[in-house]
Amino acid sequence: VQLQASGGGLAQAGGSLRLSCVVSGDILSSSSVAWYRQVPLNQRVLVARISGDDSTNYADSVKGRFTISRDNAKNTVYLQMNGLKPDDAGVYYCNAGGYSSGTYYYFGRYWGQGTLVTVSS
């Protein structure tokens, strides 16, 4: 299984970007895929996730601005980011194969390479 992330770039505050994550291997339709943002100290913070049943969850900081979706025919998960803020900047990673246990979401074993999002104020 391989994940290929793309779509990062420079946007002005209030602008939009769309990230894409192409998932090779026949797992997308049954797997959860999530987007993480790397923050200082190399921690990765969960931004959004979509489950195999298409249910979605978002970090409070992006609710109402970001939308995660999937196109199984294209083996791709998207993260539409609108109303970008400087705090949204960072390297974004897609991850596949995670699962929920109680209120916690555990990331999966498959990671894509990062894609850099820069937001100018």
Side-chain angles (χ1 to χ4, degrees):
V1 176
Q2 292 184 332
L3 282 69
Q4 181 73 35
S6 62
L10 173 64
Q12 291 186 334
S16 299
L17 287 172
R18 188 177 78 160
L19 306 184
S20 300
C21 177
V22 179
V23 182
S24 67
D26 190 20
I27 68 165
L28 181 60
S29 62
S30 61
S31 295
S32 292
V33 177
W35 285 97
Y36 288 79
R37 183 177 76 250
Q38 186 157 311
V39 298
L41 301 180
N42 287 330
Q43 295 181 359
R44 295 183 182 180
V45 177
L46 180 63
V47 175
R49 60 181 174 94
I50 185 166
S51 301
D53 62 1
D54 285 344
S55 60
T56 58
N57 291 85
Y58 298 91
D60 288 343
S61 62
V62 306
K63 284 180 180 177
R65 298 188 297 121
F66 290 13
T67 303
I68 189 169
S69 62
R70 66 199 299 156
D71 185 336
N72 290 337
K74 295 182 178 179
N75 292 330
T76 303
V77 171
Y78 302 98
L79 183 67
Q80 179 67 44
M81 304 187 295
N82 298 328
L84 283 164
K85 302 177 180 180
D87 284 349
D88 296 323
V91 180
Y92 282 71
Y93 295 88
C94 56
N95 174 267
Y99 64 96
S100 296
S101 179
T103 60
Y104 196 80
Y105 181 78
Y106 295 87
F107 58 78
R109 62 186 292 188
Y110 305 110
W111 290 95
Q113 89 291 359
T115 185
L116 178 62
V117 172
T118 305
V119 182
S120 62
S121 57

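Because only heavy atoms are used, hydrogens play no part in the values below, and waters and symmetry mates are left out as well, while side chains stay in.
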Open item on the list: List the residues meeting side-chain contact (heavy atoms from CB on, under 4.5 Å) with Ser31, not counting sequence neighbours, and say none if there are none.
Closed with: Ile27

Task: Linked, directly or transitively: Val47 and Tyr78 (ILVMFWY side chains, under 4.5 Å) - done: no

TODO: Among residues two or more places apart or on two chains, list those pairs meeting ring pair (Phe, Tyr, Trp, His ring centres under 6.0 Å) that have a residue in residues 22-43.
DONE: Tyr36-Trp111

- [ ] Could you grab the distance from atom CZ of Phe66 to atom OG of Ser61, nearest 0.5 Å is fine?
- [x] 7.5 Å

Task: Pairs meeting criterion salt bridge (Lys or Arg N to Asp or Glu O under 4.0 Å) with involvement of residues 86-103, two or more places apart - done: Arg65-Asp88

Task: Distance (rounded to the nearest 0.5 Å) between Asn75 CG and Leu3 CG - done: 10.5 Å

Table please: side-chain donor-acceptor pairs of residues 48-59 below 3.5 Å, with sequence neighbours left out.
unit_1	atom_1	unit_2	atom_2	d
Arg49	NH1	Ser100	OG	3.3
Arg49	NH2	Asn57	OD1	3.4
Arg49	NH2	Ser100	OG	3.3
Ser51	OG	Ser55	OG	3.4
Asp53	OD1	Ser55	N	3.0
Asp53	OD1	Ser55	OG	2.8
Tyr58	OH	Ile68	N	2.9

Task: Tyr99 reachable from Tyr104 in the ILVMFWY side-chain graph, under 4.5 Å edges - done: yes

- [ ] Flag this pair as yes if the NZ/CZ of Arg44 is under 6.0 angstrom from the six-membered ring centre of Tyr93 and inside a 45 degree cone about the axis; otherwise no.
- [x] yes

Task: Interatomic distance, Met81 atom CE to Thr67 atom OG1 [nearest 0.5 angstrom] - done: 11.5 Å

Output side-chain donor-acceptor pairs under 3.5 Å for residues 112-120, partner residues at least two apart or in another chain, one line each.
unit_1	atom_1	unit_2	atom_2	d
Gln113	OE1	Ala5	N	3.2
Gln113	NE2	Ala5	O	2.6
Thr115	OG1	Gly8	N	3.0

Open item on the list: For Phe107, is the CZ atom crowded, meaning more than 12 foreign heavy atoms sit under 6.0 Å from it?
Closed with: no

- [ ] Would you check if the side chain of Asn95 reaches a backbone N or O of Tyr110 as a donor-acceptor pair within less than 3.5 Å?
- [x] yes

Task: Within residues 8-24 or reaching into it, pairs that qualify as side chain to side chain donor-acceptor pair (under 3.5 Å) - sequence neighbours excluded - done: Ser16-Asn82

